[in-house]
Amino acid sequence: MSDPKRYVATAGTVEEALAAIAKFPGMLNQAFRRWKRVRMVIEEEPERRSLDQNRLQRLWCKEAGQQGDMAAEEYRGQMKLHHGVPILRRDCPEFAEKYGRLVKWRAYEEKLEFMQEPFDFPITRLMTKAQKTEYLNKVYTDLTGRGIRLTDPELKGIGPDQYREVAA
């Protein structure tokens, strides 16, 4: 197992932050043993995608698989490649660099395979809640544009005015 490139503590409350601070002496000790200089940064942690968003994505892929010409997992891979990858390439320079170097040049069919089980490249797992909302908007537009009927989620954080079943 390799040494960490950085030490990170994330907190959502003052109590969690104080608990994280209690771990700092040990982390600093390890860091100074490894490096001559360290940088300490406190910054906003973007809200991560929600479980409701994950469930909605899985539900829509299942519904697409039941109505369309591919299996649910194939739709999931296609949506990740067509809609998720561009969002992460736009917003995350490290992702863009690695994707460009390792994946972009591959054949389309290979990229689709990488997005699906058993490889299941982490695309939506890397997203913030805002990115996942943008992704779901694009997936909804794509799939309903193909005539696939999708469940109206009416989930907190996802505008129900943006998600309606398409007419039969």
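Here, residue 1 is the first one in the sequence, and each next residue gets the next number.
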Task: Under the ring-ring contact (aromatic ring centres under 6.0 Å, His included) test, residues paired with Phe114 that sit two or more places apart - done: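 Listed in chain order: Phe119, Phe121.
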Return the set of residues passing side-chain contact (heavy atoms from CB on, under 4.5 Å) with [X] (not counting sequence neighbours), or none when no residue passes.
X	result
Glu94	Cys92, Lys98
Lys23	Met27
Glu15	Thr13
Leu112	Gln78, Leu81, Tyr108, Gln116

Not counting sequence neighbours, which residues clear side-chain hydrogen bond (donor to acceptor under 3.5 Å, both in side chains) with [X]? List them please.
X	value
Arg101	Glu97
Glu73	Arg76
Glu63	Thr151
Asn29	none

From [atom1] ([X]) to [atom2] ([Y]), nearest 0.5 Å:
X	Y	atom1	atom2	answer
Thr141	Arg146	OG1	CZ	12.0 Å
Arg149	Leu143	CZ	CG	14.0 Å
Met127	Lys80	CE	NZ	9.5 Å
Leu136	Lys129	CG	NZ	11.0 Å

Partners meeting salt bridge (Lys or Arg N to Asp or Glu O under 4.0 Å) with [X] (sequence neighbours left out):
X	result
Arg48	none
Arg89	none
Arg90	Glu134

Sub-3.5 Å donor-acceptor pair from the side chain of [X] to the main-chain atoms of [Y], do we have one?
X	Y	result
Gln131	Leu88	no
Gln53	Arg49	no
Tyr135	Val85	no

Task: Criterion side-chain hydrogen bond (donor to acceptor under 3.5 Å, both in side chains) on His83 and Asp142, from CA distance to verdict - done: CA-CA 9 Å; His83 306 301; Asp142 184 344; 2.8 Å; yes
Find out if a path of hydrophobic residues (ILVMFWY) with successive side-chain heavy-atom gaps under 4.5 Å connects [X] to [Y].
X	Y	value
Trp105	Phe95	no
Ile148	Met70	yes
Phe32	Phe24	yes

Between [X] and [Y], what is the shortest heavy-atom contact and its length?
X	Y	result
Cys61	Tyr75	SG-C, 4.3 Å
Met79	Val139	CB-CG2, 3.8 Å
Ala17	Ala11	N-CB, 3.4 Å

Open item on the list: Whether Arg125 and Asp120 form a salt bridge (side-chain N of Lys/Arg under 4.0 Å from carboxylate O of Asp/Glu) is what I want to check.
Closed with: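 Counted as a salt bridge, because a side-chain N and a carboxylate O are separated by less than 4.0 Å.
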TODO: Using a 4.5 Å cut-off on heavy atoms from C-beta on, say whether the side chain of His82 contacts that of Lys138.
DONE: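 They are not in contact (no side-chain heavy atoms under 4.5 Å apart), so the answer is no.
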